[in-house]
Amino acid sequence: MMTKAQEKQVTDYLIFQELPLDILVEIKDHMISQIADVQLRKNLNFEDAFLNVKKSWDGEFKMVSYFLFSPVEIPLIVKKIIKEKFNILLKKSLIIGLAFFGINLLLIYFSKDQEEYTIFFRLLNGLFLLIMGTVWLLNIKIWKYMRTDFKYKGKCFYTSYQQNTGLMVICMISMLQIVGKTGHYAYQFFRMQNTSEIAGTLITLLVPFVMQTFVIFTLFNFFEHKKTLKRMQDFLQPAGN
């Protein structure tokens, strides 16, 4: 049976590897199980068994680049886990984004004229802005955990989603700019068969679609971040350290 002091050694070792705490907790449980297994099979004391296990994990903790997630290098194991998680969230976001893209096209055909479509266009994109603003305001208590410079003991992010919460600010600024547009080129292309501004039409259709998809992605990240924080109350108490 591992003592509290020995368990703390494992925790401190993983903190030194700069793992986000949600990933750290997963790996810690697995590593503790491995240490116990090595002790039993090889009849070793804790220190020697821990050394054996650390050697087996060496390759997973080497620092690698992953510019889509972090401007600095991160452990390989973190990159693997994050890519798997984010690929799922991106696929979900893309599907929902395509649904709103379809709604936008329907609004073009349901509108009586350009003025009415402009209202629909702004309401649709304003909805994303409203949702982000509401989510932000309703979660004041965890604002500090959304900062990308706020780390556990100054070393580890609290969750693997924490760095992406900053995207919400970028998305809000971008959506605010889109809400100020009229959707003119798209309406002219589909309803008036005006093909003279293909570039403008593509921009009018694709930019809102891309930004809406990113908004959905950041919201998924935010709620996963919040849900993960709730599961890690033991680590949140010394948050100011």
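Just the heavy atoms: all of them, side chains too, but no hydrogens, waters or symmetry mates, feed the values below. Quick caveat: nothing in here was measured; it's all calculated off a predicted structure.
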Show, in sequence, the C-alpha distance, side-chain angles and deciding distance for Lys226 and Tyr161, and conclude whether the side chain to side chain contact (heavy atoms under 4.5 Å, CB included) test is met.
CA-CA 9 Å; Lys226 182 178 179 180; Tyr161 305 97; over 6 Å; no

If we count only N and O atoms by modelled type, under 3.5 Å, do the side chains of Ser160 and Asp22 hold a donor and an acceptor together?
yes

What's the spacing between His225 NE2 and Gln162 CD if we round to 0.5 Å?
5.0 Å

Just to verify, which of Val215, Val179, Ile178, Leu219 counts as forming a side-chain contact (heavy atoms from CB on, under 4.5 Å) with Phe128?
Val215

How about Phe150 and Tyr145: are their ring centroids closer than 6.0 Å?
yes

Quick one: do Glu18 and Lys151 satisfy salt bridge (charged side-chain N to carboxylate O under 4.0 Å, His left out)? Show the steps, please.
CA-CA 10 Å; Glu18 299 182 22; Lys151 296 183 179 182; 5.5 Å; no

Spatial distance of atom CD1 (Ile23) from atom CD (Gln17) [nearest 0.5 Å]
13.0 Å

Assert yes or no for the condition that the ring centre distance of Phe120 to Phe110 is strictly below 6.0 Å.
no

Between Gln114 and Thr118, a side-chain donor and acceptor under 3.5 Å
yes

Quick one: pull up CD1 in Ile15 and CG in Leu21 and give me the separation to the nearest 0.5 Å.
7.0 Å

Are any of the side-chain nitrogens in Asp58 or Lys62 under 4.0 Å away from the carboxylate oxygens of its partner?
no

Verify the distance criterion only: is there a donor paired with an acceptor across the side chains of Tyr117 and Asn104 at less than 3.5 Å?
yes

If we check side-chain contact (heavy atoms from CB on, under 4.5 Å) with Asn221, which of these qualifies: Leu167, Leu89, Ile216?
Leu89

Using a cut-off of 6.0 Å, state whether more than 12 heavy atoms not belonging to Phe214 lie near its atom CZ.
no

same_hphob_cluster(Ile103, Tyr109) at 4.5 Å side-chain heavy-atom cutoff:
yes

Which value, rounded to the nearest 0.5 Å, describes the distance between Thr201 atom OG1 and His184 atom NE2?
8.5 Å

How long is the span from the CG atom in Asp113 to the CZ atom in Arg191, to the nearest 0.5 Å?
8.5 Å

Go through the steps to decide whether Phe157 and Ile74 satisfy the test side chain to side chain contact (heavy atoms under 4.5 Å, CB included), and finish with yes or no.
CA-CA 11 Å; Phe157 289 112; Ile74 59 176; over 6 Å; no

Nearest 0.5 Å, what's the CD1-CD1 distance between Ile77 and Ile27?
5.0 Å

Should we say atom NZ of Lys85 is surrounded by more than 12 heavy atoms from elsewhere, each under 6.0 Å from it?
yes

Test applied, side-chain contact (heavy atoms from CB on, under 4.5 Å); reference residue, Leu94; option that passes from Phe101, Phe209, Phe217:
Phe209

Would you confirm whether the ring centroid of Phe121 sits within less than 6.0 angstrom of the ring centroid of Tyr187?
no

For a quick check under 3.5 Å, do Gln34 and Trp57 share a side-chain donor-acceptor pair by atom type?
yes

So does Glu47 have more than 12 non-hydrogen atoms from other groups sitting under 6.0 Å from CD?
yes

Which atoms form the tightest heavy-atom contact between Pro20 and Val78, and what is the distance?
CD-CG2, 3.7 Å

Between Gln39 and Asn45, does the side chain to side chain donor-acceptor pair (under 3.5 Å) criterion hold? Intermediate values first, please.
CA-CA 6 Å; Gln39 282 184 284; Asn45 58 32; over 6 Å; no

Under a 3.5 Å threshold, yes or no: a donor from one side chain and an acceptor from the other, between Lys28 and Thr11?
yes

